Each structure stands twice: as C-alpha cells, then as structure tokens.
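Notes for the one structure printed next.
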Amino acid sequence: MSFIRPLPHALRAEAARIGSLAAHCLVLEVETWPKPGLVSHLDNGSHTDMDADSFRRSAAAIEPFLTRLAIAGIEDATMPRLRAIGLEAERAMLLATGGVNTHRGAIFGLGLLCAAAGARLAGASGTLGEVVERLWGEEILGTPSAPDSHGGCAARRYGAGGARQEAAEGFPTLYRTGLPALRHGALLAPGDDEAARVQSCFALIATLGDTNLLHRGGAEGLAFAQEATRGFLAAGGVGRPGWRAAAAAISAAFVARRLSPGGSADLLAMSLFLRAMGA
C-alpha cells in the first residue's frame, strides 16, 4: 500500500498565499484604466457580456484552484494533473460568471506560474518562467487547445504562436516586455501603480501577436492595435502630460473597432504576479 505524506502546514500555507496573490493580481488587472478595449472598473471596453464584477467573481472562484496548482507544483505534478485542476477552475469560473469566459487564458498561464512557484518551494531553481519551461514545456506543446478557444483558432489561422507557445518557452514576453514595462512605468510615474500597469499593458499590446486581437480584427486589427500603442509609448507613455486622456482616446478607438487584447490582459496579470514573486 502506498502512503502519501501530508503536506506540511507551512508549505500548505505558502501555497495558499501564492493562490491569494495570483487572484489579487487578476483583480489589479481589471482595476486598471485606461486599457484599450478591455474591461476595467470604469467601463466595459469592447465587451457587452461582462463587467468588472464578472472579473471579481471569477477571480474569487478560481483562487482555490490557483492554490491547488501551487500545491501540485510542490508535489512535482505532471501536466495532466495541472490540466485537470485547470479544467475544474474553468468550470468554477463559468459557474461564477453565468457562462462567460473571463479568465480562461489566465487560468492557463497564471496557473502554470503558480505551479512553478510551488515547485520553487520544493527546491526548483530559476525564474518562474524557467521552471515552467524546464518542467512542463514539452508537455505543454503536446496539450491540445480547447476546441472552442477563439485564441487557439486565431493562432492556427494566422500562424501565431499563441498562449501555449509562450508558456512552453518560459513566457519570454513577460520577461522582455511586461515586467520591464511595469518597472519603467514606476519610474515614469512614481507612486502611481495604476500608471505602471497601464504602461505595461500598452507595451504588451504593442509587442504581442495577441490572438484575441487576431480573432476580433484579423491581421488589420492587430496592426492597428500595435501601431496605436506604439505611438503612445513613443510619445512618452505614462510619463507624458495628459497621458490618461491620450490612453482613453486610444481605448475609444479600440472600442469603435470592437478590438479587445485579452491575451495582453492575461499577461499583465501575470507580469504583476512575477513582480510580486520576485520574478
């Protein structure tokens, strides 16, 4: 008879802290404005089926599963176990939101980072992205995307890497763009963390081949989004006078085109998590 040793209380408490921190980062993402085309605490962006309360309910519903993913990481779980927990989290999300997909992408990406944080508690070395790549990268690429995933369909249609490629490579966009832009935004607008989050969001949209943008607007929509956000950054980003009005105008242009960079929103929450976890 096999015997599984119970997880020590200190490790279980740390896993709960990781899950709580990850859920808090999801709330911080929605409480950031202006974000082009995305739901915030002030408006619904390009969406008619969800609002900030939807995202808050979703974050609360999936928090226990983010904790379980951290525990799974401590216990050296394989990708099938992580995927099973992730699917449970999706069901809880849909139940909390009345069937609206608020955080599917975040459950995947942020969930992997929570598992990596757990693995680091058990002795894994490196950044969270390096842990994900080393422990699960090969299995991630072998895991099929959800058949109803708009991002997955767009990735296949346009030849974009998509979320699975990003994860399998250790989330390079987080380390090259999302996290540095958070830090740069903090320098541009000292004491204003929302400004730093906006800076990171714009930098991610400007860089990422966001499959949600491809789904909604095709290659033309992605090109428009990247050009608009690059212009904002080139003009000084959140360090320029009147930056909020400029960012809000860009958001209005996204809404007029029904563009929503959901992949960039997920990566913003994940960048916040990396910052909180020391990367």
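From a predicted model like this one, the values you see are computed outputs, not experimental measurements.
- A single hydrophobic cluster is seen to contain both Leu121 and Leu113, as judged by linkage of ILVMFWY side chains at heavy-atom distances under 4.5 Å, directly or through other members.
- Taking the side chain as every heavy atom from C-beta outward, Arg134 and Ser125 approach each other to under 4.5 Å.
- The closest side-chain heavy-atom distance from Leu82 to Met79 is below 4.5 Å.
- Nearest heavy-atom pair across Phe254 and Gly37 is CB-N, 3.8 Å.
- The local environment of CZ in Arg244 is crowded, with over 12 non-hydrogen atoms from other residues, nucleotides or ligands closer than 6.0 Å.
- A salt bridge does not link Glu14 to Arg120: none of the charged nitrogens lies less than 4.0 Å from a carboxylate oxygen.
- Between Asn44 and Thr48 there is no side-chain heavy-atom pair separated by less than 4.5 Å.
- To the nearest 0.5 Å, atoms CD (Glu90) and OG1 (Thr102) are separated by 10.0 Å.
- The shortest distance between side-chain heavy atoms of Ser20 and Glu63 falls below 4.5 Å.
- Under the 4.5 Å side-chain heavy-atom criterion for ILVMFWY residues, a single connected hydrophobic cluster contains both Leu28 and Leu179.
- Side chain of Ser58 to backbone of Ser54: no donor-acceptor contact under 3.5 angstrom is found.
- Remark: Glu227 engages no residue in a side-chain contact (heavy atoms from CB on, under 4.5 Å) (not counting sequence neighbours).
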Between Thr127 and Phe171, does a side-chain contact (heavy atoms from CB on, under 4.5 Å) hold up when you go through it step by step?
-> CA-CA 10 Å; Thr127 67; Phe171 299 103; over 6 Å; no
Let me see the working for Ile62 and Leu26 under side-chain contact (heavy atoms from CB on, under 4.5 Å), right down to the final yes or no.
-> CA-CA 10 Å; Ile62 66 179; Leu26 293 175; 3.5 Å; yes
With salt bridge (Lys or Arg N to Asp or Glu O under 4.0 Å) as the test, would you mind laying out the steps for Arg197 and Glu31 before giving the verdict?
-> CA-CA 10 Å; Arg197 301 195 301 269; Glu31 293 181 355; over 6 Å; no
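- Heavy-atom minimum distance, Ala195 versus Val238: O-CG1, 3.3 Å.
- Put simply, the side chain of Arg17 never gets that close to the backbone of Ala13: no donor and acceptor are under 3.5 Å apart.
- Open room surrounds CZ on Arg176; 12 or fewer heavy atoms of other groups in view lie less than 6.0 Å from it.
- Ring-plane geometry between Phe202 and Phe232 is classed as tilted, the angle between the planes lying from 30 to 60 degrees on a 0 to 90 degree scale.
- Evaluation of the ring pair (Phe, Tyr, Trp, His ring centres under 6.0 Å) test over residues 108-132, restricted to residues two or more places apart or in two chains, returns none.
- Within a 6.0 Å radius of CG in Asp49, other residues, nucleotides and ligands contribute more than 12 heavy atoms.
- Counting only distance, with no hydrogens or angles, the side chain of Ser40 and the backbone of Asp43 share a donor-acceptor pair below 3.5 Å.
- Grouping the Ile, Leu, Val, Met, Phe, Trp and Tyr side chains by contacts below 4.5 angstrom, directly or via other members, places Phe65 apart from Val27.
- Qualifying salt bridge (Lys or Arg N to Asp or Glu O under 4.0 Å) partners for Glu88, counting only residues two or more places apart in sequence or in other chains: Arg68.
- Here the closest heavy-atom approach between residue Ala206 and residue Leu233 is recorded as CB-CD1, 4.0 Å.
- Taking both residues in full, the closest heavy atoms of Gln199 and Ala181 are given as CG-O, 3.6 Å, listed atom of the first, atom of the second, then distance.
- For the atom pair Thr97 OG1 and Leu94 CG, the distance stands at 5.5 Å (nearest 0.5 Å).
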Could you check Ser260 against Leu38 for side-chain contact (heavy atoms from CB on, under 4.5 Å), going step by step and ending with a plain yes or no?
-> CA-CA 6 Å; Ser260 178; Leu38 295 165; 3.5 Å; yes
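- No side-chain donor-acceptor contact under 3.5 Å links Glu169 to the backbone of Gly137.
- Using the six-membered ring where Trp is involved, Phe55 and His103 have ring planes that are perpendicular, over 60° apart on the 30 and 60° scheme.
- Scanning both residues, Pro34 and Ala248, for their nearest heavy atoms gives CG-N, 3.7 Å.
- Remark: Glu139 does not engage Arg83 in a salt bridge, criterion side-chain N to carboxylate O under 4.0 Å.
- Under the 3.5 Å distance criterion, the side-chain polar atoms of Glu29 are left unmatched by any main-chain donor or acceptor of Asp266.
- Considering all non-hydrogen atoms of both residues, Met93 and Asn101 come closest at CE-OD1, 3.7 Å.
- Taking 4.5 Å as the limit, some side-chain heavy atom of Cys114 sits within range of a side-chain heavy atom of Phe273.
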Test log, rule side-chain contact (heavy atoms from CB on, under 4.5 Å), inputs Lys35 and Leu268 = CA-CA 11 Å; Lys35 301 191 309 282; Leu268 172 58; 4.2 Å; yes
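- One hydrophobic cluster holds both Leu174 and Leu135 under the rule that ILVMFWY side chains link at heavy-atom gaps under 4.5 Å.
- Proximity of Pro261 to Leu213: side-chain heavy atoms (C-beta onward) are separated by under 4.5 Å at one or more points.
- Distance check, rounded to the nearest 0.5 Å: CD1 of Ile85 to CD1 of Ile107 gives 12.0 Å.
- Two residues are said to be in side-chain contact when any heavy atoms from C-beta on lie closer than 4.5 Å; Thr32 and Cys201 fail this criterion.
- Hydrophobic clustering keeps Leu259 apart from Val39 (ILVMFWY residues linked when any side-chain heavy atoms are closer than 4.5 Å, directly or through intermediates).
- A 4.5 Å side-chain heavy-atom check between Leu274 and Met277 finds every atom pair outside the cut-off.
- Proximity of a side-chain donor or acceptor of Tyr175 to a complementary backbone N or O of Ala279 within less than 3.5 Å is detected.
- A distance of 9.0 Å separates OG1 of Thr229 from CZ of Phe224, quoted to the nearest 0.5 Å.
- Residue Ile18 holds its CD1 atom at 10.5 Å from CG of Leu66, rounded to the nearest 0.5 Å.
- Distance CG/Leu267 to CG/Asp210: 8.0 Å, rounded to 0.5 Å.
- Atom NE2 of His47 sits in a crowded spot, with more than 12 heavy atoms from other residues, nucleotides or ligands closer than 6.0 Å.
- Between Asp53 and Arg57, none of the side-chain N atoms (NZ, or NE/NH1/NH2) sits under 4.0 Å from a carboxylate O, so this pair counts as no salt bridge.
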